[in-house]
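Everything on this sheet refers to the single structure shown next.
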Amino acid sequence: MSNIVILTGAGISAESGLGTFRDEGGLWAQHRIEDVATPEAFARNPKLVHQFYNARRAQAREATPNAAHHALAKLEAEHKGSVLIVTQNVDGLHEKAGSKNVLHMHGFLEGALCHQCDHRWAAPLEMSPEGVCPSCGAQQTRPDIVWFGEMPYGMERIGAALAEADVFISIGTSGEVYPAANFVAEADHFGAHTIELNLEPSAGASRFSETHFGPATKIVPEWVTAELAR
Ligand code: BV8
């Protein structure tokens with residue numbers, strides 16, 4: 001009865017057509033992080049930031065899960081122990097594939113948040129600086145996204161899961177963003193077997209006990225099949 005904690009990043013959604021961040025032509029290649037993913041950027045130019053997230057929300061709504069997302073949903077359904085997906089992604093492709101136990105540590109494109117009263121609601125397709133909070137009426141709505149410099153969601157729950165993990169597997173992430181990039185060290189500290197599945201070695205590849213490289217739609221189903229057959 002092993003506990004499995006899975007960290008996913010933009011690479012697992014790449015073959016569903018959603019842009020990654022740091023690959024050639026990735027999202028950050030089109031926009032400087034400072035321009036669109038910090039509270040300062042939002043204060044400086046809320047219209048630009050809303051446009052950036054409106055475009056990604058529309059793209060994510062059209063996207064469909066790929067074989068890697070479906071393999072992880074199959075793992076959760078059939079694995080005897082617990083399976084938790086901690087995703088850095090803000091798309092809903094894990095849920096669309098049928099995964100239930102998903103924690104969006106960097107927020108979620110389908111979520112809206114009021115800067116004034118912390119009320120949360122389902123985001124409309126297009127948000128704008130003119131939007132008002134349905135609860136308190138303040139004109140201070142923002143995407144429910146964790147920007148650089150902000151506290152990621154679920155850190156306590158993630159820490160507790162890493163302490164109990166028998167297997168920690170990192171899929172499709174460059175290992176450049178903290179605190180997510182440190183999870184492998186935490187899991188290793190608590191004795192978990194650590195695995196990286198990525199297109200190519202990430203910044204933290206040497207910190208994993210086991211690595212497999214290739215497209216997620218190939219190596220994730222292969223790994224899940226082997227894990228379920230164990
Ligand atoms: C925080 C918003 C305090 C949503 C994002 C100096 C040193 C250490 C840390 C810092 C530092 N200076 C500043 C920091 C902190 C900062 C940080 O880490 N900065 C980095 C840039 C150095 N972190 C923060 O500010 C975080 N908050 O630290 O608060 C704190 C600390 C501890 C505990 C509590 C509080 C907040 C970080 C969240 C920022 N928000 N996004 C959005 O717009 O999407 S981060 C952004 O990058 C995305 O969320 C994305 O998920 C994330 C990570 O990127 P990846 O998912 O890894 O994507 P990337 O393109 O980089 O890589 C894709 C990978 O996939 C590649 O490896 C590629 O090879 C692979 N791939 C591609 N195709 C495929 C594939 N793999 C398989 N198959 C394929 N087909």
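Atoms within each ligand, like the ligands themselves, are counted from 1 in listed order.
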Please state which option from [options] has its nearest heavy atom closest to [atom].
atom	options	value
atom 40 (N) of ligand 1	D91, V146, T87, N66	V146
atom 49 (O) of ligand 1	H106, E15, M105	H106
atom 21 (C) of ligand 1	W147, Y178, F148	F148

Tell me the contacting part of [X] for ligand 1: side chain, backbone, both, or neither, using a 4.0 Å heavy-atom threshold, strictly below.
X	value
Q88	both
R56	side chain
S202	neither
A10	both
V177	both
A180	neither
I145	side chain

Provide the number and element of each atom of ligand 1 under 4.0 Å from a heavy atom of [X].
X	result
E200	69 (O)
V90	4 (C), 44 (O)
M151	34 (C), 35 (C)
G172	63 (C), 64 (C), 65 (O), 76 (N)
E150	1 (C), 26 (C), 27 (N), 29 (O), 36 (C)
G9	56 (O)
G149	24 (C), 25 (O)
Y53	42 (C), 43 (O)

Electrostatic pair E126-R61, nearest N-O below 4.0 angstrom: no

Contact summary for S170 and T173, nearest pair of heavy atoms: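 Scanning both residues, the minimum pair turns out to be OG-CG2, 3.1 Å.
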
Nearest heavy atoms of S82 and N3, plus distance in Å: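 That closest heavy-atom pairing would be OG-OD1, 2.9 Å.
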
Between [X] and [Y], is there a donor-acceptor pair closer than 3.5 Å when you use the side chain of the first and the backbone of the second?
X	Y	value
E196	S202	yes
S99	V102	no
N89	A10	yes

Spacing of [X] atom [atom1] and [Y] atom [atom2] [to the nearest 0.5 Å]:
X	Y	atom1	atom2	value
M127	H50	CE	NE2	5.5 Å
F168	I195	CZ	CD1	10.5 Å
L84	E164	CG	CD	12.5 Å
D188	R207	CG	CZ	9.5 Å

K100: partners by salt bridge (Lys or Arg N to Asp or Glu O under 4.0 Å), with sequence neighbours left out: none

